[in-house]
Amino acid sequence: MSADLKTDPIVQMEKIVSLCKRRGFIYQSSEIYGGIGGFWDYGPLGAELKRNLREAWWRTMTREREDVVGLDATIIMHPNIWKASGHVDTFSDPMADCLLTQKRFRADHVDLQSGMVFKFTGATGDEGSKSDVPFAVLVQPGKPRESALKVAKQFYELRAVKNPVPTGGETGEKVENTRAYNPENGAQLTEPRPFNLMFRTYVGPTATDADMAYLRPETAQAIFAQFKNVFDSSRVKVPFGICQIGKAFRNEVTPKNFTFRSREFEQMELEFFIKPDEAVEIISGEVAQWSEGADLTEPQPNWGWQLWHRYWVDQRTKFYQSIGLGDVLEYYWQTPDDLAHYARACVDILCQFPFGTEELEGIAARGDFDLSQHMKHSTKTQEVFDEDLKNAAAKLTPEQKEALIQKRLAAEASKAKGEPTPEADVRAWFERLFKGSYVPHVIEPSAGLDRLALAVIAKAFSETEKVDEKGKKEVITVLRLHPRIAPIKAGVFPLLKNKPELVAKAREVYALLKKHMNCFYDETASIGRRYARQDEAGTPFGITVDFETLGEKGPELQDTVTVRERDSNEQHRIKISELLGWLQARL
RNA sequence: GCGGGUGUAGCUCAGUGGUAGAGCACUUCCUUGCCAAGGAAGAUGUCGCGCGUUCGAAUCGCGUCACCCGCUCCA
């Protein structure tokens, strides 16, 4: 008798956090010193799980492909990289809070207002209560001082002044186009404070501004910054990709949802470089268009950015399916309004967590924005030379060339976001293109490893209520991790520990498997309890050495073991000589 | 950064001013022929941290840190 337990999301998360700590998946960083917000450590099982996920990604993204190579770049890089990428500007939003309601605003997004400002110097109240805190209120033109007084009274009441009588502010002061007051109630906002999400540090001992550097807020920029080196040293040809796994750091205002949004996290990113659509058109005579149900299994020479983008969404989906997340994925296609000005398309792959459906990976078509930015800021060319393109372009008539240019100019003119590129720049770009040179465009599948680890744990977490023969209720916790990513692949047990023959044989089986996969040997407590311990750790297989193994039930069962499957409780009789192959076929 | 909540053993939690507790987990031994069995013994705590009030603080006050929820933020 068992039944699935459905609990509310908060309780569900608490249970997952508790299991993670109890079994050694995830601990709070620096816990003995009271912890540090937004940082998490991985314990023995968590480290194995994360390593398995990381290796599954690496294998899928580069080792099993001919067209992707790897990179391992530093966390601290030249600060100008972050100027070129836009992070220095866009990662520092000025924020201001309403002094009355504490509501927070992006200081540069508050609606412009005009009106009369009444400035109060403080307030006195009953029982000698008073405040010297200055406060100001903006009221619409023509409105009386009383409406400002009303807001000011609320403000001073919050500061423990009883029946406050605000002082000062006898006459209003005309103000135009200000962002310093809350549009909802007129109350003064705090001074804008910058919130830069990049961690700063200093390179060298002097710690002056000239030595300031940032911890990378994403791994992608290192790939762009090293693009030319990889291209020149790796015998790769566009289309090809560079992938990287590494730590990134963001000084989040509010880390939340366990490891989902933390300040130090690990990213797995691919930058897949493709030819501009115009180059594809020149070489192939056309750019294939995507339509529902298009065959995405094998990349084709006539693919433009759109099909490449679809291809990578498909590839990434298959990856998630291969580690057991297939049925909890959702997709969000960003609308033209959502998109950053340089992005052509972006799809978020979302995953169901107890706290909601949240982003696991973003797959963006970013054009040539990043490489062009680095080309501009570094003054080093990021162009590649494409011989096929040069030869194909040489065969074009002047009219055909002009037609391509006109098509692009028309597209620029009808662009939804940003300024159209000036005609002279477009013509210069085509001039280079016809000679076979261009800055590659890029498709960027960018995934978070820590959220992936959390996603698979949350997906695998399962509780059932069991009632035993005595009517005693028990909650059974099983982590149904996909065998491919499970931290421990098999538990090895002697049926009984007081029988030396069983123990010796079990140690032998353990030694045999241990060279090939992470295993766990356990001889304490009843066999059922040992199965249950491994169920909680997500171990997919339990291997028990019993009396049949010793040949007590006849020679045909000698040197066979019981293999018990975590999810079904099914048992199989497997020869020790075939055990390794049997397991490997299922991982 | 603001507001609310929480913080006691590895985990879940009880303990409202007077000797620090329970269940599970853990260690050792016995027992145990397949799904968290039983018995015996044992170890485990700066009661998140600091300051204060008090003869005496896990308990009351102030501060602080962390986590959760809600705002806000998330190129």
Side-chain angles (χ1 to χ4, degrees), chain A residues 2 8-11 13-15 17-24 27-40 43 82 85-93 95-106 109 158 190 193 195-198 217-218 220-221 250-258 260-261 263 339-343 346 355 358-359 362 364 369 466 468-470 472 474-478 493-499 502 524-536 542-548 550 552-553 561-566 568-571:
Chain A
S2 71
D8 79 88
I10 295 167
V11 174
M13 266 320 282
E14 282 170 357
K15 284 177 172 173
V17 172
S18 163
L19 175 76
C20 281
K21 181 172 186 191
R22 182 155 39 88
R23 300 311 308 244
Y27 314 122
Q28 194 178 11
S29 169
S30 318
E31 195 187 87
I32 60 168
Y33 288 100
I36 175 164
F39 295 91
W40 301 91
W82 308 112
S85 69
H87 285 84
V88 170
D89 297 328
T90 59
F91 254 51
S92 55
D93 301 330
M95 306 295 294
D97 298 339
C98 173
L99 284 170
L100 185 61
T101 62
Q102 310 298 351
K103 184 171 172 173
R104 169 159 297 172
F105 295 89
R106 276 268 306 256
H109 285 192
L158 287 173
T190 59
R193 285 166 295 188
F195 273 53
N196 196 309
L197 295 186
M198 281 196 288
E218 62 169 39
Q221 292 307 319
R250 292 181 195 181
N251 206 348
E252 295 285 355
V253 178
T254 314
K256 61 186 284 193
N257 290 332
F258 197 27
F260 185 82
R261 179 175 301 137
R263 293 191 164 114
L339 290 173
H341 67 275
Y342 50 80
C346 186
F355 45 81
E358 298 283 353
E359 183 182 344
F369 174 79
K466 199 175 89 173
D468 67 14
E469 293 135 10
K470 296 167 200 155
K472 205 174 104 187
E474 249 177 337
V475 174
I476 307 289
T477 305
V478 182
F493 322 115
L495 183 59
L496 297 174
K497 79 165 168 185
N498 61 353
K499 298 283 186 290
L502 289 176
T524 65
S526 73
I527 190 69
R529 176 177 296 275
R530 282 176 274 165
Y531 287 150
R533 282 178 186 151
Q534 292 308 308
D535 284 350
E536 245 190 13
I543 295 161
T544 304
V545 170
D546 48 31
F547 292 93
E548 284 90 328
L550 302 178
E552 291 188 6
K553 295 281 170 70
V561 289
T562 301
V563 180
R564 175 259 193 188
E565 291 194 61
R566 175 197 65 203
S568 62
N569 284 3
E570 271 176 35
Q571 299 200 341

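No hydrogens, no waters, no symmetry mates; every other heavy atom, side chains included, goes into these values. Quantities reported herein were computed from a predicted structural model and do not represent experimental measurements.
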Handout entry: A:V88 side chain near A:M198 side chain, heavy-atom distance below 4.5 Å
Key = yes
Practice task
Figure out the CZ/C1' separation between A:R23 and B:U12, and round it to whole Å.
Solution key: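 To the nearest whole Å, that distance equals 16 Å.
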Exercise for the section: Any strand is fair game: report the nucleotide pairing with B:G52 by Watson-Crick or G-U wobble, both distances under 3.5 Å, or none. Expected result: B:C60
Exercise for the section: Calculate the interatomic distance between A:R530 atom CZ and B:A37 atom P; express it in whole Å. Expected result: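 It is 11 Å, rounded to the nearest whole Å.
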Problem - Aromatic ring pairing A:F258/A:W40, orientation class (parallel under 30°, perpendicular over 60°, tilted between) - result: perpendicular
Handout entry: Any strand: nucleotide that pairs with B:G17 via Watson-Crick or wobble, under 3.5 Å
Key = none
Fill in the blank from the handout: For B:C71, the nucleotide meeting Watson-Crick or G-U wobble distances (both under 3.5 Å) is B:G1
Practice task
In whole angstrom, give me the gap between the C1' atoms of B:C11 and B:U16.
Solution key: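 Approximately 26 Å lies between the C1' atom of B:C11 and that of B:U16.
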Practice task
If B:G7 has a Watson-Crick or G-U wobble mate with both distances under 3.5 Å, name it; if not, just say none.
Solution key: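 Check on B:G7: paired to B:C65, both distances under 3.5 Å.
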Problem - Closest to side chain of A:F547, choosing from B:A36, B:C69, B:G33 - result: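 The closest nucleotide is B:G33.
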Practice task
Select base, sugar-phosphate, or nothing to describe what A:Q534 touches, counting heavy atoms under 4.0 Å on all strands.
Solution key: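 Here A:Q534 touches no strand at all.
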Handout entry: Side chains of A:R566 and A:V478 in contact at under 4.5 Å (non-hydrogen atoms)
Key =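 Contact flag for A:R566/A:V478 side chains = yes.
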Exercise for the section: Can you tell me, in whole Å, how much space there is between the P of B:C13 and that of B:U8? Expected result: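 Between the two P atoms, the distance is 9 Å.
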Handout entry: Pairing nucleotide - B:G42, Watson-Crick or G-U, each distance under 3.5 Å
Key =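 Result: B:C26.
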Listed pairs, N/O of protein and of nucleotides 23-25 of chain B, under 3.5 Å:
unit_1: B:A25; atom_1: OP1; unit_2: A:R529; atom_2: NH1; d: 2.3
unit_1: B:A25; atom_1: OP1; unit_2: A:R529; atom_2: NH2; d: 2.8

Exercise for the section: May I ask you to say what A:Y33 touches in the nucleic acid, namely base, sugar-phosphate or nothing, with a heavy-atom cut-off under 4.0 Å? Expected result: nothing
Fill in the blank from the handout: The reported gap from CD1 in A:I527 to OG1 in A:T544 (rounded to nearest 0.5 angstrom) is 3.5 Å
Practice task
Mind checking ring-ring contact (aromatic ring centres under 6.0 Å, His included) for A:F355 and listing every partner two or more places apart, or none if nothing turns up?
Solution key: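 So A:F355 forms a ring-ring contact (aromatic ring centres under 6.0 Å, His included) with A:F260, A:F353.
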Practice task
Using a heavy-atom cut-off of under 4.0 Å over every strand shown, decide if A:G24 touches base, sugar-phosphate, or nothing.
Solution key: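 If one applies the 4.0 Å heavy-atom cut-off, A:G24 turns out to touch nothing in the nucleic acid.
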Exercise for the section: May I have the distance from A:I10 (atom CD1) to B:C69 (atom C1'), rounded to whole angstrom? Expected result: 6 Å
Practice task
Could you work out which one of B:A36, B:U32, B:G33 sits closest to the side chain of A:N498?
Solution key: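 Nearest listed nucleotide: B:U32.
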Practice task
Name the nucleic acid region contacted by A:I527, choosing base, sugar-phosphate or nothing; use a 4.0 angstrom heavy-atom cut-off, strictly under.
Solution key: sugar-phosphate
Practice task
Using the closest heavy atom to pick a nucleotide of RNA chain B for each, name whichever of A:I36 or A:G528 lands nearer the 5' end.
Solution key: A:G528
Problem - C1' gap between B:G61 and B:U54, integer Å - result: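 To the nearest whole Å, 12 Å.
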Completion exercise
In whole angstroms, the gap separating C1' of B:U31 from CG of A:L495 amounts to 14 Å
Problem - Whole-angstrom distance between B:C55 and B:G17, as gauged at atom C1' - result: 12 Å
Practice task
Might you point out which heavy atoms bring A:R530 and A:F493 nearest each other, and give the distance in Å?
Solution key: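 It is NH1-CB, 3.4 Å.
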Practice task
Write down the distance between CZ (A:R566) and C1' (B:C35), rounded to a whole number of angstrom.
Solution key: 15 Å
Exercise for the section: Taking atom types as modelled, find out whether A:T524 and A:R533 have a side-chain donor-acceptor pair closer than 3.5 angstrom. Expected result: yes
Practice task
Looking at every strand, decide which applies to A:E14 at a 4.0 Å heavy-atom threshold: base, sugar-phosphate, or nothing.
Solution key: nothing
For nucleotides 8-11 of chain B, tabulate all protein N/O to nucleotide N/O atom pairs closer than 3.5 Å, reporting atom names and distance.
unit_1: B:C11; atom_1: OP1; unit_2: A:K21; atom_2: NZ; d: 2.3
unit_1: B:C11; atom_1: O3'; unit_2: A:S18; atom_2: OG; d: 3.1
unit_1: B:C11; atom_1: O2'; unit_2: A:S18; atom_2: OG; d: 3.1

Handout entry: Between B:A36 (P) and A:D535 (CG): distance, integer Å
Key =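 For the pair A:D535 CG and B:A36 P, the rounded distance is 10 Å.
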Exercise for the section: Would you name the heavy atoms of A:E536 and A:T477 that are closest together and state the gap between them? Expected result: CG-O, 3.6 Å
Completion exercise
Testing B:C71, B:C29, B:G33 for proximity to the side chain of A:T254, the answer is B:C71
Handout entry: Integer-rounded Å distance: B:U32 P and A:K499 NZ
Key = 6 Å
Problem - Nucleotide of B:C35, B:A36, B:G33 approaching A:T477 most closely (side-chain heavy atoms) - result: B:A36
Handout entry: From B:A66, B:C35, B:A36, nucleotide with atom closest to A:Q28 side chain
Key = B:A66
Problem - Contact summary for A:S30 and A:I36, nearest pair of heavy atoms - result: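 Closest approach of A:S30 to A:I36, heavy atoms only: OG-CG2, 3.5 Å.
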Problem - Whole-Å gap separating P (B:C73) and CD (A:E358) - result: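 One finds 15 Å between P of B:C73 and CD of A:E358, rounded.
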Handout entry: Partner nucleotide, any strand, of B:C47 [Watson-Crick/G-U, under 3.5 Å]
Key =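 When the pairing criteria are applied, nothing turns out to pair with B:C47, so the answer is none.
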Practice task
Look at the side chain of A:R564 against the base of B:C35 and say whether a donor-acceptor pair falls under 3.5 Å; ignore hydrogens and angles.
Solution key: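 Indeed there is one.
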Exercise for the section: Could you check A:E536 against A:R263 and say which one's nearest nucleotide on RNA chain B is further toward the 5' end? Expected result: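 Comparing both residues, the 5'-ward one is A:E536.
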Handout entry: For A:S568, all residues meeting side-chain hydrogen bond (donor to acceptor under 3.5 Å, both in side chains), sequence neighbours excluded
Key = none
Exercise for the section: Only counting residues at least two apart or in another chain, list the ones meeting side-chain contact (heavy atoms from CB on, under 4.5 Å) with A:Q571. Expected result: A:Y531, A:T562, A:R564
Problem - side-chain contact (heavy atoms from CB on, under 4.5 Å) partners for A:E548, two or more places apart - result: A:D546, A:K553, A:L557, A:R573
Handout entry: Under 4.0 angstrom between A:N257 side-chain N/O and B:C69 OP1 or OP2
Key = yes
Exercise for the section: Return the nearest nucleotide to the side chain of A:K256; candidates are B:C35, B:U31, B:U72. Expected result: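 The closest nucleotide is B:U72.
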